[in-house]
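Both ligands and their constituent atoms are indexed starting at 1 by order of listing.
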Amino acid sequence: MIVVTGATGNIGRRLVDRLLEEGVPVRALTRDPASAGLPAQAEVVRADLTEDSDLAPLLAGADALFLNLAAGGGESAQRLIDAAVKADVPRIVLNSSLGVTDTPADETNFISRMHAAVERAVRASGVEWTFLRGGNYATNALGWAPAIRENGVVRDAHPGAQSAPVHEADLADAAAVALLDRTGAHAHQVHRLTGPEVLTNTQQVAAIAEAIGRPVRIEQISEDEAAEAMAGPHLPPAAARELVALFGSTVDAPAFPVTDTVERVTGHPARPFAQWAREHAGDFS
Ligand SMILES: NC(=O)c1ccc[n+]([C@@H]2O[C@H](COP(=O)([O-])OP(=O)(O)OC[C@H]3O[C@@H](n4cnc5c(N)ncnc54)[C@H](OP(=O)(O)O)[C@@H]3O)[C@@H](O)[C@H]2O)c1
């Protein structure tokens, strides 16, 4: 049985479906089982990982844990890792980030710091691990959806920012392979996962426009305006400024080169952004 955190999220939903297709029992964690809309074959369990409760019962009998920091980073992740040790869970597949480089640069921004800290905690736990270090997620483009729906104008500080957006289904497929590994091939492995091609934000917006059959314009704004728009309950203003500056640093060259890891791990090529945009056209219409 596999425990999936963030089961109603972008990766989680795909992952739950994949594991069930493989005939593997799944315990899917969500804060609200009633509205989760998860498949009936999954054991859907209520869990708020930020609550100060004993998490070990959530993991009882699990063969592996999919740990997504979207469901609780920092202290919550540490408590879940401790609970996995207590419940004798033999394997953790951590949804980490390409921002982790195993160099001092990991301390220079919010995203790298957070993921690097949890990677260290997982390594220290003694549990077998696989780290899925994803680059820029294609789903980040959903942040443009309200503006595209409203007036077809995306306001962005760095239209020329470059990345290789990775599809959530590819991340889920790679997670399933690592979680179900019977050969040991993925034990203590770091998988650096990107999409198949580098695109600028302008090119991503063009792919979305193509998918929805309507023009979308990208308008450049200042870094301060972009950081202000991005900051919120889960992203303090200073972290938002760091992120916007980080995107700016990719205008000359992407932060990470394209990898072939999706294909190596899953056996199929990484899904292109144009496909992602077609599949998500409804979100932008
Ligand atoms: N965006 C990127 O470019 C990028 C790049 C590299 C790595 N990452 C990593 O990937 C993560 C995002 O993955 P994703 O897109 O699959 O996540 P997501 O769609 O944001 O899903 C998060 C899920 O977590 C659950 N959740 C939130 N708070 C919770 C809590 N207190 N207790 C239990 N569950 C909680 C929610 O489910 P319920 O509402 O059902 O509880 C939600 O559906 C990021 O946080 C980051 O760690 C992102």
Of all the non-hydrogen atoms in the protein, which one sits nearest to [atom], and at what distance?
atom	answer
atom 19 (O) of ligand 1	N10 N, 2.8 Å
atom 39 (O) of ligand 1	R31 NH2, 2.9 Å
atom 38 (P) of ligand 1	T8 OG1, 3.4 Å
atom 23 (C) of ligand 1	G6 CA, 3.6 Å
atom 1 (N) of ligand 1	N140 OD1, 2.9 Å
atom 6 (C) of ligand 1	G134 O, 3.3 Å
atom 13 (O) of ligand 1	N68 ND2, 3.2 Å
atom 30 (C) of ligand 1	A71 O, 3.2 Å

How about D48 and T50: does a side-chain donor come under 3.5 Å of a side-chain acceptor?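 Yes.
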Is it true that the side chains of S96 and E119 contain a donor and an acceptor less than 3.5 Å apart?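 A donor-acceptor contact under 3.5 Å links the two side chains.
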Give a yes or no answer on whether the side chain of [X] reaches the backbone of [Y] with a donor-acceptor pair at less than 3.5 Å.
X	Y	result
T202	P159	yes
N201	G160	no
D106	D102	yes
R14	L171	no
T130	H186	yes
R13	G37	yes

If you define the side chain from C-beta out and look only at heavy atoms, does anything of Y137 sit under 4.5 Å from N10?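 Not touching, per the 4.5 Å side-chain cut-off.
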Side chains of V154 and I148, heavy atoms from C-beta outward: is any pair under 4.5 Å?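 With C-beta onward as the side chain, the pair touches.
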With respect to atom 12 (C) of ligand 1, which of A70, A7, S163, A138 exhibits the smallest heavy-atom separation?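 Selected option, by shortest heavy-atom distance: A70.
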Heavy atoms only: which of T30, V100, D48 lies closest to atom 40 (O) of ligand 1?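 Looking at heavy atoms only, T30 sits closest to atom 40 (O) of ligand 1.
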Is the shortest side-chain N to carboxylate O distance from R18 to E22 below 4.0 Å?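 Salt bridge flag = yes for E22 with R18.
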E228 CD to E225 CD distance, which is reported to the nearest 0.5 Å: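 Reported to 0.5 Å precision, the distance equals 8.0 Å.
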With rounding to the nearest 0.5 Å, note down the distance linking CG in L179 to CG in L15.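 The CG atom of L15 is 6.0 Å from CG of L179, to the nearest 0.5 Å.
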Is ligand 1 less than 4.0 angstrom away from at least one heavy atom of [X]?
X	result
D32	no
A36	no
G72	no
H115	yes
S76	no

Heteroatom distance test ([X], ligand 1): nitrogen or oxygen, under 3.5 angstrom:
X	result
L49	yes
I11	yes
L69	no

Within ligand 1, which atoms have a heavy atom of [X] less than 4.0 Å away?
X	result
G135	3 (O), 5 (C), 6 (C)
S96	6 (C), 7 (C)
A47	32 (N), 33 (C)
G9	18 (P), 19 (O), 21 (O), 43 (O)

